[in-house]
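Structure record follows, encoded as structure tokens.
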Amino acid sequence: MSIYDTLNKEQKEAVLHTDGPLLILAGAGSGKTRVLTHRIAYLIDEIGVNPWNILAITFTNKAAGEMRDRVNKLVGFGAEQIWVSTFHSTCVRILRRHIDKLGYENNFTIYDTDDQKTVMKEICKRLNIDTKEIKERTLLNAISNAKNELIGPVEYELKSMGDFSRKKYVLVYKEYQAVLRKNNALDFDDLIMKCVELFKSSSEILNNYQERFRYIMVDEYQDTNTAQFELVRLLSDKYRNLCVVGDDDQSIYKFRGANIRNILDYEKFYPEAKVIRLEQNYRSTQSILDAANAVIKNNENRKDKTLWSSRESGSKIHFRQFDTAYDEAEYIADDICAKVRKGGNRYGDCAVLYRTNAQARLLEERMVAEGIPYDVVGGVNFYARKEIKDVLAYMKTVDNGRDDVAVKRILNIPRRGIGSTTVQKVTDYAEMLDISFYEGLKDADEIMTLNARTAGMIAPFVTLIQTFRSKLPEYGITNLIRDILEKTKYEEYLKDQYEEEAEDRINNIEELINKAVAYEESNDAPNLSEFLEEIALVADIDNVENDGNQVLLLTLHSAKGLEFPVVYLSGMEDGLFPGYMAITSGDPTDIEEERRLAYVGITRAMDDLTLCYAKTRMQRGETQYNPISRFVREVPAELTDYTIPGVIKITEEKETPKAADPRPKAILRPKATPKAEKPYIAQGISGLNQLTGLSKGAAVSILGELSYGEGDTISHVKYGEGTVIKIEKDPRDYKVTVDFVKAGQKIMYASFAKLKRL
DNA sequence: CACAGGTCTCTTTTT
DNA sequence: GAGACCTGTG
């Protein structure tokens, strides 16, 4: 019996079809990753394809990692040679080798959304564009859209000829691109676009990669944009072994340029394509699938398919209605508690999904209050946190002095007495000589407009950077970070600026150091540019561990590709989900996209699904009264355990009856006792989030008495148990050195660490 | 130049 | 409700 006998008929067919274009329409939970991994194994083991010739592209590093692990288990040999990576990392890898052909330096930096905004702000200032009239975001979105459609500044100008309203956009796009080039930087969209440009400009390079990647597989194909499609098309053009897997019903990234036509029209691009549908779902109960099917069939633009399961119908879908969003959060927390206490589920089985990140806060507070371990995915990307960006900006400056954005960011952090006037003068000077801002700083004492005192404040900064640079080769990345922190007294700066929050932020930096250590350990030739690039391409979801025993809080978007035994969809309200924007835009495809999001949400659930609705909720500082989400109403009443007003046609009963609240309050509220001592909550897998709410007020008074001494055994929120090695008094606080059983030695401030004697 | 205190705007969703 | 932005003061 071979590994392929475990596949169903369609899956097997997909695995065995190795040559020529192949479209696998894989419904949610239909085992598409299984198919992809088995297909790779089959290509290598049975067809004799060299692993080196296989390219598998995913959207997130997490998906790539999982795929690689699973292929490793299937293929005896050579799996590490398969190129499994995301669109963005694939392109970076290629561009690092060849981008000099396009006039960039190979150690280019990658700009995230934050950096883009900084650049745009400056451009608007220079071009006298009122950012109240046209927001930076709007301009950046326009540029992003253009890039996703492979429209460069020149084509953009041609296309906008005669359109007066576009004039500013044309100017801005050109300028923006010029600044990026000057800074030797690429934004996310550039990564794809430049790669395509490279292939189009050099048939030799293209041919090289075509020969290399004879078998190409693309996961989540419904989320590809035009540029990504073109990239894949070019790469596969010679051998035409392009296998794409996707589900048009799960296309949820239109806002990011995803072009659903890529999957809907695949057979038009590739008339010879074989199409295989995977409709058997191995994940969810039949009730959950019925609900998902019922909702999604309201969409016009889709390839018809119907998921079915061999599983039993299972319990009904729960619909719960609440007066406020607080009640909703409380119910969810209580319900999770109850499920865990009953012993049927672990915390890690449960996930709460929501439409907007802002909804996380309330849920988070409730989790904290009830002592439920949880992890929030997303919100502010770990690498987008201020403290992390500061440190990274130092590193970028050391690595590539051409990145003006990075240099300007840290020039006055911590305070060096260099303000905006000085920055402006140096900028002008640098512009005049057409050199980078950093080069300008080096010349500070030659800049006429600067007085000697100011120039004298700049000099130590330049020396600092130069010293880092000269030391880098001998001491490596980890020591560079430590050195930066030490020389700039960065931690003290954080303590000054952020008081209680500083501890979290310092922990975040510690986390960054851990990443650096891991990177240096796993690489034979570690290099700063490469490390920075790896970091630039990390998504929040990449850091989530599924096996953790904690409730996961995440957006519907982040939840794609995941599954959980117990799922709560919170905020099922028209105006929130579907969002206000989609409802009012007048474009019916916007609602369809939201509906696909609902479909994604529902199909994450394996056994138990709860839809939650709150009559009132605070949205951007205002109390909103939203009606029940239309998507809830699209779920057939017989599948739910509660009669949703308006779903069953009870003859014109207009008013929602009082009895509408289905919640048996008495049972579901094991009172939260705020004063009782709750066990501290293990925070996230790697402490990527902060404890909001908890950190306030709970701090030990500064310089008060400590409840522990040297030699005592204590426990820490994140690091667990440890022994106090040393306590030092510092002007502001006690500095405690602890040797943790699991995490090793750490130095922390008593007022933040909240250590508890055991 | 730094900082405090006020006003304004805003979010879907993310590589 | 928070963060970004502006303004006035020392």
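Here is the naming used below: chain letters follow the sequence lines, and residue numbers restart at 1 for every chain.
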Is a side-chain donor or acceptor of R596(A) paired with a backbone partner of I252(A) at a separation under 3.5 angstrom?
-> no
Whole-Å distance between dA2(B) P and I413(A) CD1?
-> 11 Å
Round to the nearest Å and state the distance from R361(A) atom CZ to dG3(C) atom P.
-> 8 Å
Please work out if E594(A) contacts a base, only the sugar-phosphate, or nothing of the nucleic acid, heavy-atom cut-off 4.0 Å.
-> base
Parallel, tilted or perpendicular: which fits the ring planes of H557(A) and F255(A), with parallel below 30° and perpendicular above 60°?
-> perpendicular
Is a salt bridge present between K396(A) and D115(A), judged by a nitrogen-to-oxygen distance below 4.0 Å?
-> yes
Sugar-phosphate, base or nothing in reach of T422(A), heavy atoms under 4.0 Å = sugar-phosphate
Please state whether the phosphate of dT15(B), meaning OP1 or OP2, lies under 4.0 angstrom from any side-chain nitrogen or oxygen of N61(A).
-> no
Are a donor atom and an acceptor atom from the side chains of E364(A) and Y374(A) found within less than 3.5 Å of each other?
-> yes
Starting at OH of Y580(A) and ending at P of dT13(B), how long is that distance when rounded to a whole Å?
-> 17 Å
Under-4.0 Å side-chain N/O to phosphate OP1/OP2 contact, T113(A) with dT15(B) = no
How long is the line joining NZ of K386(A) and P of dA2(C), in whole Å?
-> 19 Å
Does F255(A) stack onto the base of dT14(B), taking stacking as ring centres under 5.5 Å apart and planes under 30° apart?
-> no
Residue mapping more 5' on DNA chain B - nearest nucleotide basis, I252(A) or R415(A) | R415(A)
